[in-house]
Trainee: 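Attaching a single structure in structure tokens format; questions to follow.
Since the model is a prediction, treat every value here as computed from it, not as a measurement. So that the names make sense, note that chain A is the first sequence line, chain B the second, and so on, each numbered from 1.
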Amino acid sequence: MPELPEVETFARILRLGGRDNPSLVGSKINGELLLWSRTLASPSYPEFHSHILGQTIQDIGRRGKFLLFTLSSDTLIIHLRMSGDLLVETESAPIGKHYRLVLNLQDGLRLAFNDPRKFGRVWLTADPDTVLGDLGPEPLDESFTAQVLYERLHSYRRQLKPLLLDQTFLAGLGNIYSDEALHMAKLHPSTLSHNLTPDQAERLWHNICTVLREGIRRNGASIDWVYRGGDFQNYFRVYRRTGQPCPVCGTPIQRLVIGQRSTHYCPTCQPFL
DNA sequence: CACGAGACCTGTTCGC
DNA sequence: TGCGAACAGGTCTCGT
């Protein structure tokens, strides 16, 4: 479900409070309940149980699509994958049908990881790099420049769409934001990466940054039955708009499948050259 | 190296 | 109404 802007929104709400949620920074973890064993990627459950007990949440952040909870001595890492959601609620609330992990906090609160499709994963580690080590650049970091993108594009000979989805190439883009960025940059999703000119790479870089900032400003996108208050879904230019007019030229948006993923684009604005 | 298929999962929507 | 197919914001592994 979530991509960089949605995960960033989660991190901010959990860190700063808001939307009826208190900040979780400073909260102590008093216990946990694991309801689907595969949700815990590492370590083993007994080790997870004994290590997490009594640790305090010191900060909450994000790297790519990973949520990072800095604890007293370890880092709790959560990836929401397709259907994951996080809920802050009181301990007396009923355990939801799709809850996979529940952390009991101080003050009668708890953090619940709800995940119908069970793809989400949780890690507890003293060394976050063991989980995050292969991630590519952080797109909104100032060190990620148009020149860096150009060089990385030319170090592969791959179609742009699957390359942008590759988290070792760039961390945080998913199906929505890659389709939107390619449309804004007027690049066909099948274009081969090493064929981009410096000018086209600069355009792609600019629009990746722009669309991610727009997503964050709108608190992410909320589609299907998962609603978290973001409204970027109302501003999609191409994503899931097959047959509807391109906002730039009016041509019906087309859908094709690249790398097993739905891809939406405007055949007029994004011609395949 | 680049790509496609299959796996992991449940729920919703679409077409007949 | 019912029922199977297609589809869903992600990522891993395997085979060619």
Trainee: Write down the distance separating the P atoms in dA7(B) and dA5(C), rounded off to the nearest Å.
Mentor: 15 Å

Trainee: Within this structure, what is the CG-to-P distance between D85(A) and dT10(B), rounded to whole angstrom?
Mentor: 18 Å

Trainee: Considering residues at least two apart in sequence or located in another chain, which fulfil the side chain to side chain donor-acceptor pair (under 3.5 Å) criterion with Q58(A)?
Mentor: none

Trainee: Which heavy atom of G215(A) sits nearest a heavy atom of P5(A), and at what distance?
Mentor: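 G215(A) and P5(A) have their closest heavy atoms at C-CB, 3.6 Å.
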
Trainee: Backbone N or O of I60(A) within a donor-acceptor pair of the R15(A) side chain at under 3.5 Å?
Mentor: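 Yes, because the side chain of R15(A) sits within donor-acceptor range (under 3.5 Å) of the backbone of I60(A).
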
Trainee: What does Y156(A) touch in the nucleic acid at a heavy-atom separation under 4.0 angstrom: a base, only the sugar-phosphate, or nothing?
Mentor: sugar-phosphate

Trainee: Considering only atom P, compute the distance from dA6(C) to dA5(B) and round it to an integer number of Å.
Mentor: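 One P to the other, the span is 14 Å.
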
Trainee: What is the distance, rounded to the nearest whole Å, between atom CD1 of I78(A) and atom P of dG10(C)?
Mentor: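 Those two atoms, CD1 and P, are 18 Å apart.
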
Trainee: Does R100(A) use its side chain to pair, donor to acceptor, with the backbone of P116(A) at less than 3.5 Å?
Mentor: yes

Trainee: I want to verify a distance call: between dA2(B), dG9(C), dC3(B), whose nearest atom is closest to the L192(A) side chain?
Mentor: dC3(B)

Trainee: Tell me whether the side-chain N/O atoms of R157(A) come closer than 4.0 Å to OP1 or OP2 in dC3(B).
Mentor: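 Negative; the distance criterion is not met.
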
Trainee: Below 4.0 angstrom from OP1 or OP2 of dT11(C), is there any side-chain N or O of Q167(A)?
Mentor: yes

Trainee: Is it true that a side-chain atom of R241(A) and a backbone atom of P245(A) form a donor plus acceptor pair closer than 3.5 Å?
Mentor: yes

Trainee: To the nearest angstrom, how far is L67(A) atom CG from dG10(C) atom P?
Mentor: 15 Å

Trainee: Which atoms of nucleotides 6-9 of chain B (N or O only) lie under 3.5 Å from a protein N or O atom, and what are those distances?
Mentor:
| residue | atom | partner | partner atom | Å |
| --- | --- | --- | --- | --- |
| dG6(B) | N7 | Q260(A) | NE2 | 3.3 |
| dC8(B) | O3' | R38(A) | NH1 | 3.3 |
| dC9(B) | OP1 | R38(A) | NH1 | 3.0 |
| dC9(B) | O4' | R117(A) | O | 3.4 |
| dC9(B) | O2 | R117(A) | NE | 2.7 |
| dC9(B) | N3 | R117(A) | NH2 | 3.2 |

Trainee: Cation-pi check, R62(A) to F10(A): give yes when NZ or CZ is under 6.0 Å from the six-membered ring centre and within 45° of the ring axis, no otherwise.
Mentor: no

Trainee: P atom, dC9(B) versus dG4(C): distance in rounded Å?
Mentor: 22 Å

Trainee: Whole angstrom is fine here: how far is it from CD in Q233(A) over to C1' in dG9(C)?
Mentor: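 Whole-Å distance recorded here is 12 Å.
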
Trainee: Between the side chains of D141(A) and S143(A), does any donor sit under 3.5 Å from an acceptor?
Mentor: yes

Trainee: Quantified in whole Å, what is the P atom distance between nucleotide dG11(B) and nucleotide dT11(C)?
Mentor: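 Each nucleotide's P atom is 22 Å from the other's.
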
Trainee: Find the distance D166(A):CG to dT11(C):C1' and express it as a whole number of Å.
Mentor: 10 Å

Trainee: Take the angle between the ring planes of F232(A) and Y235(A) and call it parallel below 30°, perpendicular above 60°, tilted in between.
Mentor: parallel

Trainee: Roughly how many Å is it from CD1 in I258(A) to P in dA5(B), rounded to a whole number?
Mentor: 13 Å

Trainee: Which atom pairs, donor and acceptor, lie under 3.5 Å between side-chain atoms of residues 102-111 of chain A and protein residues at least two apart or in another chain?
Mentor:
| residue | atom | partner | partner atom | Å |
| --- | --- | --- | --- | --- |
| Q106(A) | OE1 | K28(A) | N | 3.0 |
| R110(A) | NE | E89(A) | OE2 | 2.8 |
| R110(A) | NH1 | E91(A) | O | 3.1 |
| R110(A) | NH1 | A93(A) | O | 3.2 |
| R110(A) | NH2 | E89(A) | OE2 | 2.8 |
| R110(A) | NH2 | A93(A) | O | 2.6 |
| R110(A) | NH2 | P94(A) | O | 3.2 |

Trainee: Does the separation of the ring centres of F272(A) and Y265(A) fall below 6.0 angstrom?
Mentor: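 They do not qualify: ring centres at least 6.0 Å apart.
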
Trainee: Measure the distance from NE2 on H79(A) to P on dT11(C) and round it to the nearest whole Å.
Mentor: 4 Å

Trainee: Please say which of T191(A), D166(A), N175(A) ends up in a side chain to side chain donor-acceptor pair (under 3.5 Å) with K161(A).
Mentor: N175(A)

Trainee: With pairs defined as Watson-Crick or G-U wobble and both distances under 3.5 angstrom, please note down DNA chain B as a dot-bracket string, | for pairing with another strand.
Mentor: .|||||||.|||||||

Trainee: I'd like to know if the side chain of E8(A) reaches the main chain of R63(A), judged simply by a donor and an acceptor atom lying under 3.5 Å from each other, with no hydrogens or angles considered.
Mentor: no

Trainee: Can you pull out the residues from residues 236-244 of chain A that lie within a 4.0 Å heavy-atom distance of DNA chain B?
Mentor: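 DNA chain B contact set from residues 236-244 of chain A: none.
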
Trainee: For L164(A) and dT11(C), give me the distance from atom CG to atom C1', rounded to whole Å.
Mentor: 16 Å

Trainee: Ignoring backbone atoms, establish whether K97(A) has a side-chain N or O less than 4.0 Å from OP1 or OP2 of dG11(B).
Mentor: yes

Trainee: May I ask you to verify if any side-chain N or O of K65(A) is less than 4.0 angstrom from the OP1 or OP2 atom of dG10(C)?
Mentor: yes

Trainee: Quick one: list whatever passes side-chain contact (heavy atoms from CB on, under 4.5 Å) with D74(A), sequence neighbours left out.
Mentor: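 So D74(A) forms a side-chain contact (heavy atoms from CB on, under 4.5 Å) with H51(A), Q55(A), L124(A), A126(A).
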
